[in-house]
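Written out below as structure tokens is the structure these notes cover.
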Amino acid sequence: MTWRAAVLTLFPEMFPGPLGLSLAGKALAEGLWSLETADIRDFASGKHRSVDDTPAGGGAGMVMRADIAAAAVDAARAAAPAGTPTLYLSPRGTPLTQERVQALAAGPGAILLCGRFEGIDQRVLDARGIEEVSIGDYVLSGGDLAALVLMDACVRLLPGVVGNEGTHSEESFASGFLEYPHYTRPREWEGHPIPGVLLSGDHEKIAKWRREQAESLTKARRPDLWAKRRKD
């Protein structure tokens with residue numbers, strides 16, 4: 001079954017964006033994954049196809065209406081394979097991890113609901129059992145860029161997308177550590193040589209050096225990951 005992404009957005013022209021290029025774009029053209037977009041405004045009625053209204057209780061900004069967002073979600077679910085999760089990209093969501101990405105990539109795909117304004121009426125998320133996912137502790141103008149990030153993370157794990165799929169096991173987060181440093185020619189650049197062990201041809205020493213580097217970087221830059229890995 002082809003991995004299928006369905007994006008619900010107010011700006012369908014933003015897609016596939018960067019995912020139409022490089023390996024992801026090639027894989028899309030070859031049918032290794034598929035992308036469908038739906039304009040949420042198509043589910044609005046009235047001359048102006050308005051999708052938002054003022055927040056109940058007052059406050060700044062606007063909120064996407066429950067009836068319109070729900071109609072878009074229901075239509076996407078009706079067209080999606082059974083078991084496809086519906087995700088709402090939100091800074092208050094559960095942090096997206098490599099483990100979660102791997103689980104999503106192993107499934108049928110994802111329905112991605114992209115909010116704008118101050119967000120989406122909470123009743124839609126509750127009534128439709130939509131999972132909130134965050135790509136980081138910061139705020140974007142909308143969920144569209146976050147959806148692109150999530151899709152990119154998933155697509156690159158699909159069979160046939162990346163030439164040497166064995167590289168996935170050595171990437172950051174795959175083993176619980178950050179990835180070790182990389183070097184290539186020239187052997188010396190601006191007085192900085194490639195670490196000698198990498199030129200030794202001794203694969204056991206190289207593996208040990210890379211492991212030590214990964215552990216050192218993780219401990220220094222991501223003490224949270226280091227602590228979790230030590231517990232495991």
Side-chain angles (χ1 to χ4, degrees), residues 2-21 24-25 27-29 31 33-96 104 107-155:
T2 301
W3 195 84
R4 177 180 179 273
V7 180
L8 311 180
T9 173
L10 292 176
F11 300 97
E13 62 272 19
M14 291 181 67
F15 300 88
L19 296 184
L21 306 172
L28 181 61
W33 68 289
S34 67
L35 171 63
E36 298 178 13
T37 58
D39 189 340
I40 296 174
R41 291 191 188 280
D42 289 343
F43 298 89
S45 59
K47 178 180 178 181
H48 300 291
R49 296 199 303 165
S50 177
V51 300
D52 60 324
D53 210 329
T54 55
M62 304 291 279
V63 178
M64 190 177 294
R65 289 175 39 162
D67 52 346
I68 297 170
V73 169
D74 292 345
R77 286 181 168 178
T84 301
T86 304
L87 309 177
Y88 171 50
L89 287 309
S90 163
R92 71 180 190 183
T94 302
L96 183 65
L104 288 170
I111 298 169
L112 304 176
L113 177 58
C114 303
R116 281 273 161 172
F117 319 119
E118 291 302 305
I120 293 177
D121 192 308
Q122 182 64 37
R123 291 173 294 180
V124 178
L125 307 179
D126 295 340
R128 296 299 186 266
I130 298 173
E131 177 186 355
E132 295 186 63
V133 174
S134 170
I135 65 166
D137 295 340
Y138 43 85
V139 179
L140 301 173
S141 298
D144 310 276
L145 290 176
L148 286 167
V149 168
L150 185 149
M151 286 190 291
D152 181 79
C154 291
V155 167

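Excluded from the calculations below are hydrogen atoms, water molecules and symmetry mates; all remaining heavy atoms, backbone and side chain alike, are included.
Across all their heavy atoms, Ser50 and Arg41 have their closest contact at CA-NH1, 4.5 Å. Closest approach of Thr84 to Pro108, counting heavy atoms only: OG1-CG, 3.6 Å. Nearest heavy atom pair, residue Leu87 against residue Ala110, reads CD1-CB, 4.4 Å. The minimum heavy-atom distance linking Phe43 with Ala75 is given by the pair CE2-CB, 3.7 Å. Pairing each heavy atom of Pro12 with each of Thr37, the nearest pair is CB-OG1, 3.8 Å. In plain terms, the two heavy atoms of Pro55 and Ala60 that are nearest each other are CG-O, 4.0 Å.
Note on Asp121 versus Arg123: salt bridge recorded, some NZ/NE/NH1/NH2 to OD/OE distance being below 4.0 Å.
Annotation: the span from Glu132 atom CD to Thr94 atom OG1 amounts to 8.0 Å, rounded to 0.5 Å. Atom CD1 in Ile120 sits 12.5 Å away from atom CZ in Arg128 (nearest 0.5 Å). One distance of note links CG of Leu28 with OG of Ser34; it measures 8.0 Å at 0.5 Å rounding.
Inspection of the Arg77 and Thr86 side chains reveals an N or O donor paired with an N or O acceptor under 3.5 Å.
Remark: side-chain polar atoms of Trp3 are paired, donor with acceptor, to backbone N or O of Leu104 under 3.5 angstrom. Panel note: side chain Arg65, backbone Asp52; no donor-acceptor pair is recorded below 3.5 Å. Under a 3.5 Å cut-off, the side chain of Trp33 and the backbone N or O of Cys154 do not form any donor-acceptor pair.
With contacts defined as side-chain heavy-atom distances shorter than 4.5 Å, the pair Leu35/Arg4 does not qualify. Taking the side chain as every heavy atom from C-beta outward, Glu36 and Val7 never approach each other to under 4.5 Å. Looking only at side-chain heavy atoms (C-beta outward), Phe15 and Asp144 come within less than 4.5 Å of each other. Within the 4.5 Å cutoff, side-chain heavy atoms of Ile135 are placed close to those of Val149. Residues Pro18 and Leu148 meet the side-chain proximity criterion, which asks for heavy atoms closer than 4.5 Å. Within the 4.5 Å cutoff, the side chain of Leu10 has heavy atoms near those of the Phe117 side chain. The side-chain heavy atoms of Arg116 and Ser141, taken from C-beta on, include a pair separated by under 4.5 Å. Counting heavy atoms from C-beta on, the side chains of Leu113 and Leu89 never come closer than 4.5 Å.
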- Task: Let me see the working for Leu8 and Leu112 under side chain to side chain contact (heavy atoms under 4.5 Å, CB included), right down to the final yes or no.
- Result: CA-CA 6 Å; Leu8 311 180; Leu112 304 176; over 6 Å; no

- Message: One pair to check against side chain to side chain contact (heavy atoms under 4.5 Å, CB included): Ile68 and Val51. What are the steps and the verdict?
- Response: CA-CA 7 Å; Ile68 297 170; Val51 300; 4.2 Å; yes

- Begin with the C-alpha distance, continue with both residues' side-chain angles, and end with the deciding distance and a verdict on side chain to side chain contact (heavy atoms under 4.5 Å, CB included) for Arg49 and Asp42. CA-CA 7 Å; Arg49 296 199 303 165; Asp42 289 343; 2.7 Å; yes

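In this view, Glu118 satisfies the salt bridge (Lys or Arg N to Asp or Glu O under 4.0 Å) rule with no residue, not counting sequence neighbours.
Heavy-atom neighbours of Asp137 CG from other residues, nucleotides or ligands within 6.0 Å: at or below the threshold of 12.
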